[in-house]
Amino acid sequence: MTKILIPSGALGLGYDAEALARGVALKPDLIAIDGGSTDSGPSYLGRGVSKYARESTKSEWAGMMRAAHEAGCPLVIGTAGTCGTDSMVDWLLDITREVLAEDNRTAKIATLKSSQDPAVIAQTPITPLSGAPSVSAETIKSCENIVALAGAEQIMAALNTGADIVIAGRTTDTAIIAALPLQNGDHTGGAWHGAKIGECGALCATNPQSGVITIDFDADGFTVTPLADGAFATPHTVSAHMLYENSDPFILYEPGGHLDVTAATYTALDDRSVRVTGSVWHPSDTYTVKLEGARIAGFQTISIVTIRDAHYVRNVQAWCDDILAKHAAKVRDRAADIAFTCELRIIGQDSTLGPLETRQSTLTEVGVMAIITADSQKDANTIAKLLNPYLLHHPLTKGEEQPTFAFPFSPAEIDRGAAYAFTLHHTMTLSDPMQAFRLEVHT
Amino acid sequence: MSTVADIVVKVRSKNAGPFWLTVDIFCGTAEAFQQVTQSLSTDRVAAAFQADVATIKRFDIDMLNVVKFSLPRPVIQGDIADRDMHGAGWAPLIAELSLN
């Protein structure tokens, strides 16, 4: 029997403090929180930084550290600092020490690091997953950061150091929850399935913003219970969570095997808790971990102009096409050595769906967002400056008085810095689960 | 003519990692589920995304009255040409399809 308390879907999203206190009173064996996701894009991994403010992270992490201290159980975070690079493990370790100092206490901390050397990965046999881009060794080498996703085995190793707090770099979302029940000998399929249901906190229940849930793992399955007022789990909310951000709602691949929930049954214990049994874990012959990498795809400058003149709103596509042609000619004439791409994205027409858009409607106004990508920030800015006179004054017809359009900012050009691209959707095989990861204990 | 959105509770699209997109149609009732599964062929979904039908995974889940489609993301998340980092903006493509 293992009781895991999950404060929310991710550190930084907020949680219900009263519900967390209720969870602490239930004497959990472990508090687990996810620290990251790829869902906000490649920039965080590319730069090795957190999406959330240090202030939010510290405030919420301190609350969880105090909850774990009070409960007398370990606290584990996976994918620290959004992307789980080594830099983010060190960042959270620093925050942890700051909180401990403020609380005038000490704790044993284990860190698990997941970053990989791009030059080494470029020479390592890796296997593309479905939908992976094709990558050359050169592309892999050019990654700013590569991380491997640790599984339950590495989290178990970290817990077995006797640490009060485990700060892990990139892990699978489920590993931090599944590790302890697996180690305690609870049902294997139940451990992974419960971890998947719990990884987003109360998203598997009603009142999903409340965050806090407990999962009780046992010899046959698991029971999920949300702890906030007005939060209820039903067989429907729990089973429907397998759909969430999952390409296959029945099969989940993890390091060392896969989970199959096709035969799982979901039973309401009361109006709040749901019990799940019948999930099956299939171990694999080899131990593989997934890799994520991000590289710089270019540097961008953007510019935004809005158009309210009804004639120009109606003819905005022709206006943009004309500007792109004239701008390209001007760059050829004045800055031919700069390689660039320029897109004029029409906000109000098809800026979300692009060529897949099927609807058209009459608009009051439109926005045009120019997106310029080049090999350096200086080049991108130069190309944007060459575009500006057109965005400001380009007339649809020759004879008319010079028009002027609306710019919300001065300067009109906004340097965005590097644009990053996800480059890896691959796995690599390990002879030992710890092979690609580094465990350290700090006292 | 009614659309998918007219008879279901919700259509949701989300990233399933940076390389896949998943669309969940929460039909709400067995009747709506029946209508959606009969009317919404995988071919029509592929056409809406201008995708190869062979790349689309389809799950008709009667227990939940949910129809789910997963496909390689039309553009890899975060690429220069990507317009929607979280992938939620693709749902209307399916929600606005007419029911045959």
Side-chain angles (χ1 to χ4, degrees), chain A residues 37-46 128-133 235-251 262 264-266 290 292-294 297-298 300 341 343 345 347 350-359 369 371-373 419-426, chain B residues 3 9-10 12-28 46-51 54-61 63-98:
Chain A
S37 166
T38 57
D39 207 40
S40 295
S43 170
Y44 306 97
L45 178 59
L129 293 166
S130 174
H236 189 274
T237 64
V238 173
S239 57
H241 186 66
M242 289 303 289
L243 301 165
Y244 191 72
E245 293 179 353
N246 236 3
S247 63
D248 187 320
F250 299 110
I251 305 289
T262 313
T265 57
Y266 302 79
K290 204 166 110 175
E292 290 167 355
Q300 292 187 319
T341 59
E343 185 192 347
R345 208 170 275 181
I347 298 172
D350 61 359
S351 64
T352 310
L353 289 171
L356 298 182
E357 183 55 74
T358 53
R359 279 178 63 165
M369 177 165 60
I371 305 171
I372 286 135
T373 311
Y420 294 85
F422 282 121
T423 44
L424 289 169
H425 186 48
H426 294 70
Chain B
T3 64
V9 175
K10 187 182 179 175
R12 170 179 79 188
S13 72
K14 295 286 284 182
N15 295 332
F19 301 93
W20 279 76
L21 182 75
T22 192
V23 183
D24 299 320
I25 307 169
F26 295 90
C27 300
F49 282 101
Q50 296 176 16
T55 64
I56 295 189
K57 295 197 239 176
R58 177 185 182 133
F59 304 91
D60 291 352
I61 310 166
M63 189 180 77
L64 293 171
N65 290 321
V66 164
V67 181
K68 183 180 184 75
F69 295 97
S70 299
L71 65 153
R73 223 172 176 282
V75 181
I76 292 171
Q77 184 199 8
D79 265 27
I80 301 293
D82 184 26
R83 294 158 177 265
D84 182 5
M85 202 58 62
H86 296 261
W90 273 291
L93 274 184
I94 300 305
E96 292 170 8
L97 287 177
S98 62

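Chain naming here is simple, since letters A, B, ... match the order of the sequence lines and numbering starts at 1 in each.
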Proximity breakdown for [X] and chain B, heavy-atom pairs closer than 4.5 Å:
| X | answer |
| --- | --- |
| A:Thr38 | both |
| A:Ser40 | both |
| A:Tyr244 | both |
| A:Leu424 | backbone |

Go through the atoms of [X] and report whether side chain, backbone, both or neither lie under 4.5 Å from a heavy atom of chain A.
| X | result |
| --- | --- |
| B:Asn15 | both |
| B:Trp90 | both |
| B:Arg73 | neither |
| B:Asn65 | neither |
| B:Phe69 | neither |

Flag side-chain contact, heavy atom, 4.5 Å: [X] against [Y]:
| X | Y | value |
| --- | --- | --- |
| B:Phe59 | A:Asp248 | yes |
| A:Leu243 | B:Ile61 | yes |
| A:Leu356 | B:Leu93 | yes |

Who among [options] has the most heavy-atom pairs with chain B under 4.5 Å?
| options | answer |
| --- | --- |
| A:Thr352, A:Thr373, A:Thr358, A:Ile371 | A:Thr352 |
| A:Gln300, A:Arg359, A:Glu292 | A:Arg359 |
| A:Ala132, A:Ser130, A:Ala297, A:Ala240 | A:Ser130 |
| A:Glu357, A:His425, A:Glu343 | A:His425 |
| A:Ala421, A:Pro133, A:Ala419, A:Gly298 | A:Pro133 |
| A:Pro249, A:Ser43, A:Pro235 | A:Pro249 |

By salt bridge (Lys or Arg N to Asp or Glu O under 4.0 Å) - contacts of B:Lys57 (at least two apart): none
Please rank [options] by heavy-atom pairs under 4.5 Å with chain A and give me the top one.
| options | value |
| --- | --- |
| B:Pro74, B:Gly17, B:Pro72, B:Gly89 | B:Gly89 |
| B:Asp24, B:Val66, B:Leu64, B:Thr55 | B:Leu64 |
| B:Gln77, B:Lys14, B:Arg12 | B:Gln77 |

What's the spacing between [X] [atom1] and [Y] [atom2] if we round to 0.5 Å?
| X | Y | atom1 | atom2 | answer |
| --- | --- | --- | --- | --- |
| A:Ile372 | B:Ile80 | CD1 | CD1 | 12.0 Å |
| B:Ser13 | A:Glu245 | OG | CD | 10.5 Å |
| A:Met369 | B:Arg83 | CE | CZ | 8.5 Å |

Which residues share a side-chain hydrogen bond (donor to acceptor under 3.5 Å, both in side chains) with B:His86, sequence neighbours left out: A:Asp39
State, to 0.1 Å, how close [X] and [Y] come at their nearest heavy-atom pair, and which atoms those are.
| X | Y | answer |
| --- | --- | --- |
| A:Phe422 | B:Pro18 | CD1-CB, 3.4 Å |
| B:Ala16 | A:Ser247 | CB-N, 3.6 Å |
| A:Gly41 | B:Met85 | CA-SD, 3.6 Å |

